[in-house]
Amino acid sequence: MFLSMYLITLFGNLLIILAVSSDSHLHTPMYFFISSLSFVDICFTTTTILKMLINIQIQSRVISYGGCITQMYFYILFAALDDFLLTVMAYDRFLAICHPLHYTAIMNPWLCGLLVLACWIFSTLLSLLESLLVLQLSFCTDLEIPHFFCEIKQVVQLACCDTFLNDMIMYFTAVLLGGGPLAGILYSKIVFSVHRISSPRGKYKAFSTCVSHLSVVFLYYCSSLGVYLSSAATHSSHSSATASAMYTGHTHAEPLRLQSEK
């Protein structure tokens, strides 16, 4: 069942990338960002679900310390990329709806490529920072992670030392670097601009270009922020795993057992 879900996710995103690359009519900024997001989604889902599929096959829930840190690094990298790309797509829709006359001149191929490159750079730096901070923590041996992959919040909570700095960095990046506030501002302007259109048909046409993206943004940000901003005193590993499953794209399995190599 899990393999079928993974293959559907994999081939679905591959079809999107193939359709965008093969059809010249889809060589526009919006579809360029969509194909980039599909590639990141493939990497994101593979990072979390591949280890789970192996564990199910070999009937083992053990992951090494090095493997856990590696999975955590790529998980943060692709999660941040998802956030930044969604924000870039919000900016694209903002220009298309609020500044249609200048859209073609502003969103040229050079700027689109530069925006995607910037997303990769910022995501890599963010992932490297958080992973290095986790490496400074001390862990006891043979811990059980109440999650189906090495999710950073769950791993940090198992540390045998003070994690105040890690918690502050996680909360700070979740709020400020995740792209939520900027995307919220852009979509507020979009909704306001659509509301000012007098024609009902014009409102429908303008809003239909971004309603699907709005749905994805709502589900992704609500579930991810719910994981990272939940209170440590009242956190539930089951609810955290369920919320994580929404933005990683699959359901959860059994918790992992971490073998420390330190």
Side-chain angles (χ1 to χ4, degrees), residues 13 16-17 20 26 28-45 47-48 73-100 102-130 152-153 169-194 206-229 243-244 246-249:
N13 283 289
I16 292 175
I17 296 173
V20 172
L26 300 181
T28 62
M30 181 179 69
Y31 287 104
F32 171 70
F33 295 134
I34 288 176
S35 60
S36 299
L37 187 65
S38 294
F39 173 76
V40 174
D41 283 341
I42 291 173
C43 298
F44 188 29
T45 306
T47 298
T48 55
Y73 170 81
F74 286 106
Y75 158 73
I76 299 172
L77 170 64
F78 295 123
L81 263 173
D82 259 337
D83 283 350
F84 288 133
L85 284 175
L86 287 172
T87 304
V88 168
M89 292 172 69
Y91 176 67
D92 173 73
R93 291 300 86 200
F94 166 74
L95 290 177
I97 294 176
C98 300
H99 303 283
H102 304 284
Y103 175 75
T104 305
I106 296 175
M107 295 303 293
N108 54 70
W110 182 85
L111 179 61
C112 293
L114 186 62
L115 288 172
V116 173
L117 177 62
C119 290
W120 275 94
I121 293 174
F122 290 138
S123 299
T124 302
L125 294 176
L126 175 62
S127 178
L128 185 62
L129 171 63
E130 297 214 38
I152 181 171
K153 182 176 176 64
I169 293 296
M170 281 192 295
Y171 296 150
F172 179 78
T173 53
V175 174
L176 297 181
L177 301 183
L182 178 58
I185 293 172
L186 292 173
Y187 275 112
S188 296
K189 291 182 176 293
I190 290 174
V191 172
F192 181 74
S193 298
V194 171
F207 192 69
S208 63
T209 63
C210 60
V211 64
S212 59
H213 181 62
L214 272 172
S215 302
V216 173
V217 169
F218 177 79
L219 289 174
Y220 187 88
Y221 282 124
C222 285
S223 56
S224 57
L225 289 177
V227 171
Y228 288 101
L229 301 183
S244 297
M246 293 181 65
Y247 65 84
T248 54

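The first residue in the sequence is number 1, and the count goes up from there.
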For K153 and Y171 the tightest heavy-atom approach is NZ-OH, 3.6 Å
Side chain T45, main chain I42, donor-acceptor under 3.5 Å = no
From D41 CG over to S36 OG, what is the distance, rounded to the nearest 0.5 angstrom?
-> 11.0 Å
From T87 atom OG1 to L115 atom CG, the distance as rounded to the nearest 0.5 Å | 11.0 Å
What distance do D92 atom CG and I97 atom CD1 have between them, rounded to the nearest 0.5 Å?
-> 9.5 Å
If every non-hydrogen atom of F32 is compared with every non-hydrogen atom of G113, which pair is closest and at what distance?
-> CE2-N, 4.3 Å
Please test M107 against T28 for side-chain contact (heavy atoms from CB on, under 4.5 Å), starting from the C-alpha separation and ending with a verdict.
-> CA-CA 9 Å; M107 295 303 293; T28 62; over 6 Å; no
When the ring planes of F78 and F74 are compared, do they come out parallel, tilted or perpendicular, using 30° and 60° as the limits?
-> parallel
In chain order, what residues pass the side chain to side chain contact (heavy atoms under 4.5 Å, CB included) check against F122, with sequence neighbours excluded?
-> F84, A118
Does N108 use its side chain to pair, donor to acceptor, with the backbone of I106 at less than 3.5 Å?
-> yes
Result for side-chain contact (heavy atoms from CB on, under 4.5 Å) between S38 and one of N13, V20, L85 points to N13
Enumerate the residue pairs fulfilling side-chain hydrogen bond (donor to acceptor under 3.5 Å, both in side chains) with a member in residues 117-130, sequence neighbours excluded, ordered by first and then second residue.
-> E130-T173
Interatomic spacing from CG in L126 to CD1 in I76 - rounded to 0.5 Å | 7.0 Å
Determine the minimum heavy-atom distance between Y75 and T47, stating which atoms define it.
-> N-CG2, 3.6 Å
Run the side-chain contact (heavy atoms from CB on, under 4.5 Å) check on I34 and I16 step by step: do they pass?
-> CA-CA 8 Å; I34 288 176; I16 292 175; 3.8 Å; yes
Considering non-hydrogen atoms only, spot the tightest contact between F33 and M89 and give its length.
-> CB-CG, 3.6 Å
Is Y31 atom OH crowded by more than 12 heavy atoms from other residues, nucleotides or ligands, each under 6.0 Å away?
-> no
